[in-house]
Amino acid sequence: MSDKGCCDSVGECFFDYYTSKILVIRSKKVGTLNRFTQALVIAYVIGYVCVLKKGYQDTDTVLSSVTTKVKGIALTNTTELGERVWDVADYIIPPQEDGSFFVLTNMIITPNQTQSKCAEQTSFYIIKQSILFFSGVRTGRCVNYNDTIKTCEVLSWCPLEKIVEPPNPPLLADAENFTVLIKNNIRYPKFNFNKRNILPNINNSYLTQCVFSRKTDPDCPIFRLKDIVEEAEEDFQTMAVHGGVMGVQIRWDCDLDMPQSWCVPRYTFRRLDNKDPENNVAPGYNFRFAKYYKDSDGTETRTLIKGYGIRFDVLVFGQAGKFNIIPTLLNIGAGLALLGLVNVICDWIVLTLMKRKHHYKEQKYTYVDDFGLVSIFGLIRHPNVCYTCCILILFGILTYTWVTFCNWLCSSCAL
């Protein structure tokens with residue numbers, strides 16, 4: 001019996017039809033809560049979605065290309081090389097990179113190396129004896145490293161590279177005064193919008209004498225290397241000893257509903273490599289390269305340089321927005337849907353927290369039995385339907401088949 005009652009209840013719930021009913025509750029508390037919640041939803045949609053996040057705009061991400069040109073001269077005076085002037089062809093390695101450039105700031109020089117046999121250094125022999133290959137190919141002979149120590153003989157570029165700490169202060173300390181011209185071209189393909197960081201108001205005379213400064217020249221695309229490092233709250237001379245990696249961030253956030261002159265780059269700078277004092281294994285940035293020569297007798301000689309320096313990575317970010325009806329309608333629709341939640345919240349409060357919640361529930365929900373459907377023929381013979389067909393016929397809206405049907409319908413209405 002209980003099973004049958006359960007099945008009947010399920011069947012009744014399944015075949016029930018729910019329609020809206022308007023119930024006006026004259027309550028200052030509920031009315032105030034309702035208007036306040038509606039105001040919050042409207043403020044969110046207008047203030048946050050539309051104004052702050054520009055929900056009425058379609059957006060596109062930036063496509064970018066970057067080229068750089070460094071200028072500057074430095075003077076060094078070392079035992080290995082003597083007095084020497086370094087220009088851009090010497091300290092920019094390689095000459096061009098994709099979106100970055102490297103500036104040599106310090107070095108350890110091992111001159112006049114030739115292909116020959118020599119004694120392996122003691123530091124390699126004692127510390128790294130578990131490694132199969134050290135600074136060359138071992139010949140199997142033990143030779144005198146000095147008067148008291150013997151080490152393995154190796155076939156290598158001799159004399160071997162010096163195992164010392166890099167000079168402090170750095171050899172190319174003058175690199176802090178080098179300047180770099182960063183040329184950045186951007187495009188938003190969805191809006192067919194192009195621009196570059198050399199703005200239209202910049203001419204040749206200004207470009208030859210300006211240097212980037214947030215106060216006086218915020219649009220100048222020429223940067224002094226020391227200024228870049230100091231903007232990241234670092235010291236150039238300290239960083240130049242072991243090298244490091246700096247990030248030059250260019251952000252293009254453009255509102256294309258506004259004048260194009262408002263779309264300008266914003267520059268920020270930060271250090272990218274790890275400088276944690278508690279995890280200082282292999283600090284900085286360095287690599288080795290060599291310059292090769294041949295004597296008059298054909299003997300090949302090289303100067304080995306372990307170079308330390310600062311790598312500058314140019315990182316471009318950006319997003320552009322422009323009015324589009326589709327995201328506008330989507331956000332308006334989302335806002336209207338949120339307004340529908342206001343009624344749900346107020347209904348829940350009225351039916352669960354109010355003192356007269358049972359009375360409100362009786363007034364809100366009304367159950368009506370099934371009285372059957374009106375016949376289709378009775379519906380279509382209703383005078384209003386007939387008159388509507390006649391009006392449509394007069395204005396020529398219906399096709400010939402429907403005109404015939406309406407003529408019959410109107411004649412039957414007259415009966």
Side-chain angles (χ1 to χ4, degrees), residues 47-70 92 94-103 179-204 206-207 210-225 227-234 244-273 310-331 334:
Y48 181 77
V49 176
C50 294
V51 177
L52 185 61
K53 292 298 182 180
K54 294 182 172 59
Y56 56 87
Q57 290 184 334
D58 193 10
T59 59
D60 193 15
T61 54
V62 67
L63 299 179
S64 170
S65 67
V66 174
T67 57
T68 60
K69 183 185 294 185
V70 181
I92 298 298
Q96 281 293 325
E97 291 187 79
D98 184 15
S100 64
F101 61 97
F102 174 82
V103 178
T179 60
V180 55
L181 168 63
I182 299 178
K183 294 188 287 186
N184 177 214
N185 295 273
I186 60 111
R187 174 175 172 80
Y188 290 105
K190 185 181 291 187
F191 307 124
N192 193 27
F193 179 82
N194 303 277
K195 201 164 187 179
R196 63 176 187 161
N197 66 330
I198 302 178
L199 302 178
N201 60 309
I202 296 178
N203 53 35
N204 288 330
Y206 173 77
L207 195 62
C210 76
V211 176
F212 175 84
S213 172
R214 293 203 181 276
K215 295 181 179 179
T216 59
D217 295 284
D219 297 329
C220 180
I222 298 177
F223 305 85
R224 196 164 68 119
L225 301 188
D227 295 338
I228 293 177
V229 176
E230 288 182 348
E231 283 268 353
E233 299 181 352
E234 299 287 341
V245 182
M246 290 294 304
V248 179
Q249 299 173 328
I250 307 177
R251 177 166 290 279
W252 293 83
D253 288 329
C254 300
D255 186 352
L256 299 184
D257 294 324
M258 299 299 176
Q260 292 188 8
S261 60
W262 292 18
C263 180
V264 294
R266 306 298 180 191
Y267 301 100
T268 57
F269 312 94
R270 63 184 301 266
R271 185 168 181 172
L272 300 180
D273 62 318
I310 304 175
R311 176 188 173 97
F312 295 85
D313 292 334
V314 183
L315 311 173
V316 183
F317 309 89
Q319 180 174 279
K322 193 173 185 179
F323 174 78
N324 191 298
I325 191 63
I326 295 177
T328 303
L329 294 178
L330 289 176
N331 284 293

(message) Could you measure the distance from the CG atom of Leu315 to the CZ atom of Phe312? Nearest 0.5 Å is fine.
(response) 12.5 Å
Please report, to 0.1 Å, the donor-acceptor pairs under 3.5 Å made by any side chain of residues 193-204, with sequence neighbours excluded.
from, atom 1, to, atom 2, distance (Å)
Asn194, OD1, Arg187, NH1, 3.1
Lys195, NZ, Gln260, O, 2.7
Lys195, NZ, Cys263, O, 2.7
Asn197, OD1, Asn184, N, 2.8
Asn197, ND2, Ile182, O, 2.8
Asn197, ND2, Tyr267, OH, 3.3
Asn203, OD1, Ser205, N, 3.4
Asn203, OD1, Ser205, OG, 2.9
Asn203, OD1, Tyr206, N, 2.8

(request) Mind listing the closest non-hydrogen atom pair of Pro189 and Leu63 along with its distance? (result) CG-CD1, 3.8 Å
(message) Quick one, Val62 with Tyr188, criterion side chain to side chain contact (heavy atoms under 4.5 Å, CB included). Give me CA distance, side-chain angles, the key distance, then yes/no.
(response) CA-CA 5 Å; Val62 67; Tyr188 290 105; 3.7 Å; yes
(message) Under a 3.5 Å distance rule, please check whether Asp58 uses its side chain to pair with a backbone N or O of Asn324 as donor and acceptor.
(response) no
(request) Flag the pair Leu225 / Met246 as yes when at least one side-chain heavy-atom distance between them is below 4.5 Å, and no otherwise. (result) no
(message) More than 12 heavy atoms of other residues, nucleotides or ligands under 6.0 Å from CD1 of Ile325: yes or no?
(response) yes
(message) Looking at Thr68, is its backbone amide N or carbonyl O close enough to the side chain of Gln96 to form a donor-acceptor pair, meaning the two atoms are under 3.5 Å apart?
(response) yes
(message) I want to check something: taking the side chain as every heavy atom from C-beta on, are Leu181 and Lys183 in contact at a cut-off of under 4.5 Å?
(response) yes
(request) List the atom of Pro265, the atom of Ile250, and the distance in Å for their closest heavy-atom pair. (result) CB-CG2, 3.7 Å
(message) Are Val180 and Phe101 packed together at the side-chain level, in the sense that at least one heavy-atom pair is separated by less than 4.5 angstrom?
(response) yes
(request) Answer yes or no: is there a side-chain heavy-atom contact under 4.5 Å between Cys210 and Thr216? (result) no
(request) For the pair Asp255 and Trp262, evaluate side chain to side chain contact (heavy atoms under 4.5 Å, CB included) and give the outcome as yes or no after the intermediate values. (result) CA-CA 8 Å; Asp255 186 352; Trp262 292 18; over 6 Å; no
(request) Would you please name every residue forming a salt bridge (charged side-chain N to carboxylate O under 4.0 Å, His left out) with Asp273, sequence neighbours left out? (result) Arg271
(message) Which residues pass the disulfide bond (SG atoms under 2.5 Å apart) test with Cys50, not counting sequence neighbours?
(response) none
(message) In the structure I gave you, are the side-chain heavy atoms of Val211 and Phe223 within less than 4.5 Å of one another anywhere?
(response) no
(message) Taking atom NZ as the centre, does Lys69 end up with more than 12 heavy-atom neighbours from other residues, nucleotides or ligands that are less than 6.0 angstrom away?
(response) no
(message) I'd like to know if the side chain of Asn331 and the backbone of Gly55 have a donor-acceptor N/O pair within less than 3.5 Å.
(response) yes
(message) Would you compute the distance between atom CH2 of Trp252 and atom CD of Gln319 and round it to the nearest 0.5 angstrom?
(response) 15.5 Å
(message) To the closest 0.5 Å, what do you measure between CD (Glu97) and CZ (Phe102)?
(response) 9.0 Å
(request) Could you tell me whether the side chain of Asp227 reaches within less than 4.5 Å of the side chain of Phe212, counting heavy atoms only? (result) no
(message) Tell me the closest heavy-atom pair linking Ala232 and Arg270, and the distance in Å.
(response) CB-CA, 3.6 Å
(message) Can you tell me how far apart CD (Glu234) and CD1 (Ile310) are? Round to the nearest 0.5 Å.
(response) 9.5 Å
(request) Say whether Ser100 and Arg311, considering side chains only, have a donor N or O and an acceptor N or O under 3.5 Å apart. (result) yes
(message) I need the Thr61 OG1 to Ile186 CD1 distance, nearest 0.5 Å.
(response) 11.0 Å
(message) Nearest 0.5 angstrom please: Thr67 OG1 to Asp98 CG, how far?
(response) 10.5 Å
(request) Determine, stepwise, if the pair Val103 / Ile92 fulfils side chain to side chain contact (heavy atoms under 4.5 Å, CB included). (result) CA-CA 5 Å; Val103 178; Ile92 298 298; 3.8 Å; yes
